[in-house]
Amino acid sequence: MVKSKSFITDNERVLAHPYIHDCIVYDIETDGLDVDTANCKFFGAYSYKYQKYYIMHQDEKEQIQKIMGEHRIHVGFNNKWFDGPILENHNNNIDLTYKIVFDCLAVLYDMERHRPNRESLIEFNGKTLAEQLDNRKLKTIAEVLGFPVSKGDIDYRIFKQDSWTPGELNEIYKYLFLDVDITRRLFEFYLTYFDNFREYVDDDNIKKLNYIRSSAGSFSYSAFCHMAKLPFEFEDDPLKKLVKPENHGGFVLAPQVKYAEGTMVYFDFSSLYPFIYFQCNLFSHGSNGDTDWNGDNFFDVKGNYKTDKRGKVESLLRDIYYKRAAYKKVKDPRQLALKIMMNSLYGISGSPIFKSLFDPLTPGDCTSIGRKHISYAKEVFEDHGIKVIYGDTDSCFIQLPEGMSVADAQLIADQIVKDLQSHMPFPDEGFKFKVDEVFHKLWLFGKKNYAGFDDHQQLTVKGLPIIKGDASLLGQLIFKQLKPLMLSRQDIKFDRHFIETIIDAEIHKDLTLVGRVYNVRKPGDYKSVSSLHCQIAQHFGEGLHLLIPNKTLGAVGRSKKYATVDECKSLTVSDLILDKTWNELEPFIK
DNA sequence: TTAGGGGATAACTG
DNA sequence: GAACAGTTATCCCCTAA
């Protein structure tokens, strides 16, 4: 059976969107970067209303105002913080009030809160965008998504001029058109990728394209309110917003060994928190002390929950789980929205702003029940002579003893589930404690820090400094070089001398490799003015900065100095401070 | 001068 | 416009020896 949807091309789907004709994609070229004083020299746009491209000059402000005024939704790249404010400043005086700002950059990453948004949700060619993007420039994003991208950049000094030769104008128009076109493609990618999210929210959300722009938590809240017919409202009371429910979170078992080989099985309670919610009815507080569930003298919970009937939110959550499981099985992309709803409900229930789903007892009881799950599993495994060598929240690594098979361990896991469910008011047959992966080598460096090789000879690295976004460029480069060797040897450890040689060769080629990218907030956002990040913000402004730790040069730093790429030119190898890089590589040294 | 604790910060795991 | 807790590493600041 061919699904009817497969006859719709992406572009048709974009054009079928109920509010597409309210959208305009635009980009501007300016004579400076200061949003308060920059002049808009050229304006380029694509209107879905008229299905036409436009290019306008700075003298055509009235036309710019007219075309922008005719569209309710303004799509751009970084237009929330750059293009929009510049058009509105006193030099340009374009009125953009009451418009919906659709910022293609903000869809991926929330610059204000320094938090990834949809970049960790969007999968493309088997990996998330967060994993594939080295930076968040429009061009980089376009390249990853396979859009045609022009080579090289225009010389921005051209926008300081006030008159241009026909040849220069031709170059500017071409450049502007391409930027608008890439932004348009990115916008259409989002519209297509998140199209099925519309199914779960109300029309107001769709009108504002909130189902694409908002955080995962906010989308889920909208969806739950809409589907469970709860009032869609937020907590306004500033005092109530600060309420912190008592919640001890997940249990993390410290690694019991530093290294293990043989058969290490990673067991995992699938969708632990969602299942706890609907198996224990945690959104439905009871008032009848006799029939209410209070942990059955097995789980440690503070609330009393109804046992006569599963609640509205719990039933909805259960439906979402099974619908998502069915979609996932046939690789239907509609699984994503449901997965997000499922996984963020716990977070929503612990956040007072999400008024209709917030509960002071529910999240703490959920994590308490969760901790009991993993501690009980550990107990039972150990009763069977199986060592539990590490665990985190909903999962654990066990080391199989001689003569025991993975299937034997699975039987024990099945019994663990039965035991746990015998104390729940609404046990559900879909709840599983199952094998997620089998490892044959495992290095446990600490809580949330480990590496290992699985049955498919693949390398897993969790939490180590080297995989973090603020790792030194040098560390990242060397790790990239070592990875194929690790895979072929099925070992992560190397001689110190070997790594020393590579480090030496690389830093002599390029000193700036020792640098790290610092992602800093506005200077005023810091509690501690003396902190390194605040110093960087004060000197270089908000955003991303590549700085090179060294002994002598640079305006920021105390025990260490931090030089810019320019300053770095007068440094020598002996000035550099390599301790961060060494620390990143330490786990890979014998 | 050094060692080490405490606080702030970023970025991760689940 | 708005998700949660637990954990690591890094760096600054301060105090004790």
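Quick note on labels: first sequence line is chain A, next is B, and so on, each numbered from 1. Just so it is clear, the values below take in all heavy atoms, side chains as well, and ignore hydrogens, waters and symmetry mates.
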When all nucleic acid strands are considered with a 4.0 Å heavy-atom cut-off, which category describes [X]: base, sugar-phosphate, or nothing?
X: G347(A); value: base
X: H248(A); value: sugar-phosphate
X: Y266(A); value: sugar-phosphate
X: R371(A); value: nothing
X: F269(A); value: nothing
X: F354(A); value: sugar-phosphate
X: K208(A); value: nothing
X: G446(A); value: nothing
X: Y562(A); value: sugar-phosphate
X: S559(A); value: sugar-phosphate
X: S220(A); value: nothing
X: K468(A); value: base
X: I467(A); value: sugar-phosphate

With [X] via ring pair (Phe, Tyr, Trp, His ring centres under 6.0 Å) - residues at least two apart:
X: F267(A); result: F381(A), F433(A)
X: F397(A); result: Y266(A), F439(A), Y450(A)
X: H71(A); result: none

Determine the interplanar angle of the [X] and [Y] rings, folded into 0 to 90°, and report it as parallel if under 30°, tilted if 30 to 60°, perpendicular if over 60°.
X: Y518(A); Y: Y562(A); result: perpendicular
X: H74(A); Y: Y26(A); result: perpendicular
X: F278(A); Y: F275(A); result: tilted

For [range], which residue pairs pass the side-chain hydrogen bond (donor to acceptor under 3.5 Å, both in side chains) check, not counting sequence neighbours?
range: residues 368-378 of chain A; result: Y376(A)-D419(A), K378(A)-E382(A)
range: residues 224-235 of chain A; result: none
range: residues 99-109 of chain A; result: Y109(A)-N519(A)

Who are the side chain to side chain donor-acceptor pair (under 3.5 Å) partners of Q335(A), not counting sequence neighbours? R324(A)

Boundaries of the DNA chain B segment in contact with chain A, non-hydrogen, under 4.0 Å: dA8(B) to dG14(B)

Positional range of nucleotides in DNA chain C within the contact set of chain A, heavy-atom, under 4.0 Å: dG1(C) to dC13(C)

Earlier contact from the 5' end, DNA chain B, for D470(A) and D268(A): D470(A)

Here's a test of your reading of the structure: between N583(A) and S528(A), which maps to the more 5' nucleotide of DNA chain C? N583(A)

Tell me which residues in residues 517-526 of chain A put a heavy atom below 4.0 Å from DNA chain C, sorted by number, or none. none

For a quick check under 3.5 Å, do T140(A) and N135(A) share a side-chain donor-acceptor pair by atom type? yes

Checking side-chain polar atoms at under 3.5 Å, does Y346(A) have a donor or acceptor matched by the opposite partner on N247(A)? yes

Any idea which heavy atoms bring L420(A) and M424(A) closest together, and the distance? O-CG, 3.7 Å

Taking only residues two or more places apart in sequence, or in another chain, which ones meet Y259(A) in a side-chain contact (heavy atoms from CB on, under 4.5 Å)? E261(A), K441(A), W443(A)

For residues 71-78 of chain A, which residues have at least one heavy atom under 4.0 Å from DNA chain B? none

Ring-ring centroid check Y211(A) F194(A), cutoff 6.0 Å: no

